[in-house]
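Quick notes on the structure that follows.
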Amino acid sequence: MNNDLYAVVGHPISHSKSPRIHSLFASQTGEALEYTAIQAPLDDFAGTVHGFFARGGKGLNITVPFKEQAWDLADRRTDRAAKAGASNTLYRDADGTLIADNTDGHGLVQDLDNHGVTLANARILVLGAGGAVRGVIAPLLARHPASLTIANRTLAKAEALVQLFTPDAQGTELNACGFEQPDRPFDLIINGTSASLQGDLPPVSANVIGADTVVYDMMYSLQTTTFNQWALDRGARHVFDGLGMLVEQAAESFRIWRGVRPETAPVIEELRND
Ligand code: ATR
């Protein structure tokens with residue numbers, strides 16, 4: 001019998017770590033599956049997805065720039081995907097319904113747990129208000145921080161997220177601002193902007209970094225990320241990049257598809273040493 005088939009779809013896709021992560025999960029758990037990378041044409045994401053499932057494929061991860069299209073294409077969305085407005089995980093149920101989930105926010109919160117970061121009652125600053133940030137707000141709010149401030153270059157986008165997530169805020173003080181406004185140390189700062197792709201830094205005050213501030217860059221790279229280096233240079237002592245989040249979101253997809261939760265620590269370690 002052939003192994004069950006999974007893939008990640010994006011454009012470009014050649015640098016994706018997902019095939020390596022999922023093959024490490026498969027050998028660790030003894031699950032018989034193959035996981036490949038598929039570059040969909042920019043103008044035919046839907047055709048790529050339908051073709052994959054028509055060939056008997058079991059599940060897909062979706063990455064840039066197709067997460068919103070994956071959300072649109074699905075017949076049904078999980079609650080967390082509905083709120084995220086984007087999907088990184090697709091699968092079909094027994095009657096062929098195409099379901100969209102989003103495991104990115106779960107991956108972030110799980111990785112913060114791995115690092116021993118306390119979210120309950122924390123004062124959190126999130127930088128950015130794009131698709132990546134939208135996917136993580138509800139899971140952060142579910143941990144009941146004291147406050148969650150969304151700062152963005154385009155203020156209107158941060159304000160729109162505050163409006164969208166106010167029903168999820170419960171006791172958390174949720175607010176929006178520009179980058180220059182925050183001026184006191186936060187317990188946790190999460191960089192969810194793509195500024196570093198252009199070699200930029202969000203222009204936040206150094207005053208947001210205190211001795212105990214935890215800094216988390218959702219980006220990752222072999223060297224310290226640009227944002228984390230900025231924070232270190234301003235006295236931060238606890239900085240983490242998004243490699244753990246990447247592995248944790250993959251583990252949650254794997255659990256959805258296979259019903260087995262892989263151990264993530266050895267996989268994070270192995271990727272870090274690649
Ligand atoms: P993603 O899917 O990575 O979230 P996105 O939806 O395009 O991509 O969002 C990118 C985020 O990074 C946005 O918050 C964007 O700010 P704007 O909303 O003002 O566009 C932010 N961003 C991108 N380049 C930036 C830069 N050079 N400086 C500061 N913020 C930047």
Side-chain angles (χ1 to χ4, degrees), residues 8-13 15-18 40 42 45 60-73 77 80-90 100-109 111 124-140 148-165 174-182 186 189-206 208-209 215-221 225-231 234 241-246 248-250 253:
V8 59
V9 179
H11 188 125
I13 201 62
H15 296 297
S16 172
K17 292 189 187 295
S18 293
L42 289 173
F45 171 71
L60 289 174
N61 282 132
I62 309 299
T63 188
V64 179
F66 298 124
K67 289 185 183 185
E68 281 84 6
Q69 285 186 54
W71 190 94
D72 281 337
L73 194 63
R77 296 161 195 108
R80 60 188 176 181
K83 207 79 201 186
S87 168
N88 72 333
T89 305
L90 291 177
D101 203 341
N102 189 314
T103 67
D104 287 327
H106 175 95
L108 171 65
V109 168
D111 195 41
I124 303 177
L125 174 63
V126 174
L127 305 176
V133 165
R134 182 172 166 182
V136 303
I137 298 297
L140 288 171
L148 197 160
T149 302
I150 305 174
N152 196 42
R153 181 174 63 181
T154 311
L155 177 60
K157 282 166 72 177
E159 288 172 339
L161 287 188
V162 166
Q163 196 165 12
L164 182 65
F165 287 101
L174 181 61
N175 45 57
C177 62
F179 286 135
E180 293 79 8
Q181 199 173 318
F186 284 79
I189 302 175
I190 298 170
N191 178 33
T193 71
S194 54
S196 62
L197 296 179
Q198 296 117 60
D200 276 349
L201 279 165
V204 279
S205 160
V208 298
I209 309 273
V215 174
Y216 193 101
D217 193 345
M218 284 165 58
M219 298 262 166
Y220 64 88
S221 61
T225 68
T226 313
F227 185 76
N228 283 352
Q229 190 59 53
W230 173 87
R234 275 146 196 85
D241 73 10
L243 183 68
M245 175 179 174
L246 179 75
E248 290 294 350
Q249 62 79 30
S253 297

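Counting starts at 1 for both ligands and their atoms, in listed order. Side chains are part of it too, since the values below use all heavy atoms of this structure and drop only hydrogens, waters and symmetry mates.
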Can you tell me which portion of Lys157 lies within the under-4.0 Å heavy-atom range of ligand 1? Options are side chain, backbone, both, or neither.
side chain
Partner of Asn88 under side chain to side chain donor-acceptor pair (under 3.5 Å), picked from Asn61, Asp101, Thr103, is Thr103
Considering only heavy atoms of Ala129, which atoms of ligand 1 have at least one such atom less than 4.0 Å away?
14 (O)
Test your reading of the structure: does Ala132 have an N or O sitting under 3.5 Å from an N or O of ligand 1?
yes
Arg134 side chain to Lys83 main-chain N or O, any donor-acceptor pair under 3.5 Å?
yes
Backbone or side chain, does any N or O of Leu201 fall under 3.5 Å from an N or O of ligand 1?
no
heavy-atom search around atom 17 (P) of ligand 1 in the protein gives Thr154 OG1, 3.4 Å
Which of the numbered atoms in ligand 1 are below 4.0 angstrom from a heavy atom of Gly128?
14 (O)
How far is atom 16 (O) of ligand 1 from the closest protein heavy atom, and which atom is that?
Asn152 OD1, 3.4 Å
Say you draw a straight line from CG of Asn191 to CG of Asp241; how long is it, rounded to the nearest 0.5 Å?
11.5 Å
Which atom names give the shortest non-hydrogen contact between Ile124 and Ile190, and what distance separates them?
CG2-CD1, 4.2 Å
among protein heavy atoms, the one nearest atom 25 (C) of ligand 1 is Arg153 NH1, 3.3 Å
Looking at atom 9 (O) of ligand 1, tell me if a protein heavy atom falls under 4.0 Å from it.
yes
Can you find an N or O of Thr193 that's nearer than 3.5 Å to an N or O of ligand 1?
no
At what distance is the nearest protein heavy atom to atom 27 (N) of ligand 1, and which residue and atom is it?
Asp200 OD2, 2.8 Å
of all protein heavy atoms, closest to atom 28 (N) of ligand 1 is Ala195 CB, 3.5 Å
Does Trp71 reach the main-chain N or O of Ala81 with its side chain, forming a donor-acceptor pair under 3.5 Å?
yes
Minimum-distance protein heavy atom relative to atom 23 (C) of ligand 1:
Ser194 OG, 3.3 Å
Between Thr63 and Gly10, the two heavy atoms sitting closest are CG2-CA, 3.8 Å
Checking Asn152 side chain against Ala129 main chain: does a donor-acceptor pair fall under 3.5 Å?
yes
In terms of ring plane angle, is the pair Phe66 and Phe45 parallel, tilted or perpendicular, where the classes change at 30° and 60°?
parallel
Contact (N/O only, under 3.5 Å) between Gly131 and ligand 1:
yes
Gln163 atom CD: more than 12 heavy-atom contacts under 6.0 Å:
no
What protein heavy atom is closest to atom 24 (N) of ligand 1, reported as residue, atom name and distance in Å?
Gln198 OE1, 3.2 Å
I'd like to know if the side chain of Asn102 and the backbone of Arg80 have a donor-acceptor N/O pair within less than 3.5 Å.
no
